[in-house]
Amino acid sequence: MAGVDRARLLDCLERLARIGADPAGGVTRLGLSAEEGRARAFLREICREAGLVTWTDAAANLFVTRPDRAAGHPVLLIGSHVDTVVQGGRLDGAYGVVAAIEVLRACTASELRLPYEPVVVAFSNEEGALVQYPFWGSRAMCGLLEGGTRARDRTGRSVRAYLAEGDGDPDRLAEAVWEPGSIAAFLELHIEQGPVLERRGVPIGVVAGIVGRTILEIEVLGQAQHAGTTPMQERRDALVAAAEVVLGVRRIAAGLDVCSTATVGYLEAAPNSTNTVPGTARLTAEVRDTDPLRLARGEAAVRAVCERAGRATGCRVVPRVAMRSRPVETDTAIQQVIAEAADELGLAHLAMPSGAGHDAQIVQAVAPVGMIFVPSTAGVSHAPAEDTPAEALAQGADVLLRTVLRLNHPPDRLSRVSGTEPALRR
């Protein structure tokens with residue numbers, strides 16, 4: 001079989017990038033927003049034009065199948081997400097979905113009868129940039145929402161409200177859960193979002209593991225007072241306490257090496273007035289590591305930083321866990337198949353960890369997973385400058401296609417990976 005249609009792949013990515021294009025640069029297409037809904041509508045339309053079948057579940061996940069799929073065949077799920085961070089890049093997530101659609105189109109055009117039916121997914125709200133619950137869609141599909149139904153944006157608007165006015169249905173979320181054994185395996189193609197592949201001149205990354213991540217929301221309660229009349233020693237300045245937290249969180253990873261990374265990415269203070277001592281502040285601290293013990297120590301270190309900042313400033317500094325995702329290993333047999341697919345195409349490959357979180361680490365709780373990386377230009381991601389050369393994008397999609405085919409031949413290869421004989425749910 002020939003590779004994917006390169007021109008069509010690139011054109012679709014370009015058109016998708018216009019949805020949520022931010023006047024300040026990059027793409028702002030937040031999960032569960034109207035822009036994410038427009039992206040799903042665009043994908044549904046191009047799939048309809050291609051003769052493919054689509055449906056959207058109650059959690060706003062989009063699925064795409066071949067029109068002549070064989071009922072009862074096990075599912076090989078492929079895809080990623082289409083939401084972005086604020087002023088993010090055009091490829092993060094979107095590339096994996098568009099490439100998966102091209103793989104499905106190639107399989108359809110060749111009239112291949114596959115033992116494991118490829119099904120494309122575009123998971124909703126992977127980033128959690130609006131409704132603050134990352135991996136919403138994949139968690140919903142896997143029955144792992146836990147407290148996610150109570151998730152809200154920073155204004156207090158609920159996830160139920162976003163679902164009700166968009167493509168989802170908050171009263172039917174139980175129907176979004178796939179039955180145990182429904183997925184034989186999940187493949188996710190993604191840009192690396194880091195500099196390793198480009199620096200080493202390697203076109204394909206075979207992901208061996210995905211970093212775990214803990215997000216803590218931190219509330220700082222001080223006392224708003226007049227900036228000119230309140231003596232310095234009598235102040236309970238919430239922003240000063242927040243600054244102590246910011247620097248302390250950085251030291252956790254950069255100085256003490258407690259965990260791989262530790263970041264404060266969001267901070268706001270109130271009343272945010274030039275001549276008023278800040279009375280409250282809110283910020284987030286995020287720690288990541290591939291080692292569960294180091295990840296737990298990172299969280300404990302953040303809590304200790306908050307306690308010290310409170311004592312030093314007289315403020316109450318209250319951390320609360322907003323989300324945890326555990327580090328996972330990808331399936332070793334699928335890693336081998338990805339490497340074989342790259343070898344077949346004459347592409348060098350490198351086994352590597354992922355420092356970013358992905359839907360694959362959620363799906364890993366219910367099915368074997370594999371991930372393919374392509375290089376990121378200068379290692380930039382989550383920013384307008386995010387890019388990958390066109391040739392590398394085409395190569396990654398071809399590796400995905402060859403991986404799908406290799407998992408299907410011999411016919412029992414994927415069943416040996418998954419240990420199940422699942423069936424297509426819809």
Side-chain angles (χ1 to χ4, degrees), residues 22-26 28 30-31 33 84-88 127-134 147 150-159 161-162 213-256 258-259 261-288 297-324 382-384:
D22 195 311
T28 299
L30 306 183
S33 69
T84 73
V85 297
V86 176
Q87 289 184 258
E127 299 287 1
L130 177 61
V131 175
Q132 299 170 68
Y133 198 82
R150 299 188 298 273
R152 297 180 179 274
D153 67 14
R154 297 193 190 280
T155 71
R157 191 162 192 260
S158 71
V159 66
Y162 282 102
R213 176 186 182 199
T214 300
I215 300 174
L216 295 101
E217 294 179 345
I218 302 168
E219 184 178 24
V220 184
L221 303 172
Q223 176 65 58
Q225 294 171 299
H226 195 291
T229 62
T230 308
M232 299 300 291
Q233 67 273 17
E234 295 182 17
R235 299 183 178 198
R236 292 191 292 125
D237 189 323
L239 189 53
V240 170
E244 294 281 352
V245 173
V246 171
L247 295 175
V249 167
R250 175 177 170 79
R251 282 192 293 270
I252 288 170
L256 302 176
V258 174
C259 53
T261 61
T263 309
V264 171
Y266 171 83
L267 170 63
E268 65 174 16
N272 204 25
S273 171
T274 300
N275 61 354
T276 305
V277 175
T280 62
R282 295 197 306 169
L283 62 158
T284 59
E286 178 198 88
V287 294
R288 302 190 187 211
R297 289 169 186 157
E299 178 184 332
V302 171
R303 294 183 183 278
V305 164
C306 291
E307 184 179 347
R308 288 195 297 271
R311 287 199 308 266
T313 62
C315 297
R316 283 189 64 213
V317 184
V318 183
R320 180 184 67 84
V321 172
M323 192 278 291
R324 288 190 181 99
H382 278 197

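Residues: numbered from 1 along the sequence shown.
Listed here is the closest heavy atom pair of Pro271 and Ala224: CD-CB, 4.3 Å. Here the closest non-hydrogen pair linking Tyr133 and Ala151 is CB-CB, 3.7 Å. Contact detail for Leu30 and Thr84: the closest heavy-atom pair is CD2-O, 3.4 Å. Contact between Val258 and Gly298 at its shortest, heavy atoms only, is CG1-N, 3.7 Å. Scanning all heavy atoms of the two residues, the minimum distance from Gln87 to Pro384 falls at O-CD, 3.3 Å. The two residues Cys315 and Gly222 make their nearest non-hydrogen contact at SG-CA, 3.8 Å.
Counting heavy atoms from C-beta on, the side chains of Arg282 and Thr280 never come closer than 4.5 Å. Proximity of Leu239 to Leu267: side-chain heavy atoms (C-beta onward) are separated by under 4.5 Å at one or more points. Put simply, the side chain of Thr263 does not reach to within 4.5 Å of the side chain of Arg288, judged on heavy atoms. The side-chain heavy atoms of Pro134 and Ile215, taken from C-beta on, include a pair separated by under 4.5 Å. The side-chain heavy atoms of Glu299 and Arg324, taken from C-beta on, include a pair separated by under 4.5 Å. In this structure the side chain of Arg154 never reaches within 4.5 angstrom of the side chain of Glu268, judged on heavy atoms. For the pair Asp237 and Thr313, the minimum side-chain heavy-atom distance is 4.5 Å or more.
Atom CG of Leu256 sits about 13.0 Å away from atom CZ of Arg297, to the nearest 0.5 Å. Note that CZ of Arg236 is 11.0 Å distant from OG1 of Thr230, once rounded to the nearest 0.5 Å. Separation of atoms CD1 (Ile218) and CG (Leu283) is listed at 4.5 Å; rounding is to 0.5 Å. Interatomic distance, CZ of Arg150 versus OG of Ser158, reported as 12.5 Å (0.5 Å rounding).
When atom types are taken as modelled, the side chain of Gln225 and the backbone of Arg235 share no donor-acceptor pair closer than 3.5 angstrom.
In Arg303, the CZ atom is crowded: over 12 heavy atoms of neighbouring residues, nucleotides or ligands sit closer than 6.0 Å. Environment of CZ in Arg250: sparse, with no more than 12 heavy atoms of neighbouring residues, nucleotides or ligands closer than 6.0 Å. Within 6.0 Å of atom CZ in Arg157, more than 12 heavy atoms from other residues, nucleotides or ligands are found, so the atom counts as buried in its surroundings.
At a threshold of 4.0 Å, the pair Glu307-Arg311 counts as salt-bridged, since one of the basic side-chain nitrogens sits closer than that to a carboxylate oxygen.
Tested against Cys259, the residues Thr214, Val302, Ile252 include a single side-chain contact (heavy atoms from CB on, under 4.5 Å) partner, Ile252.
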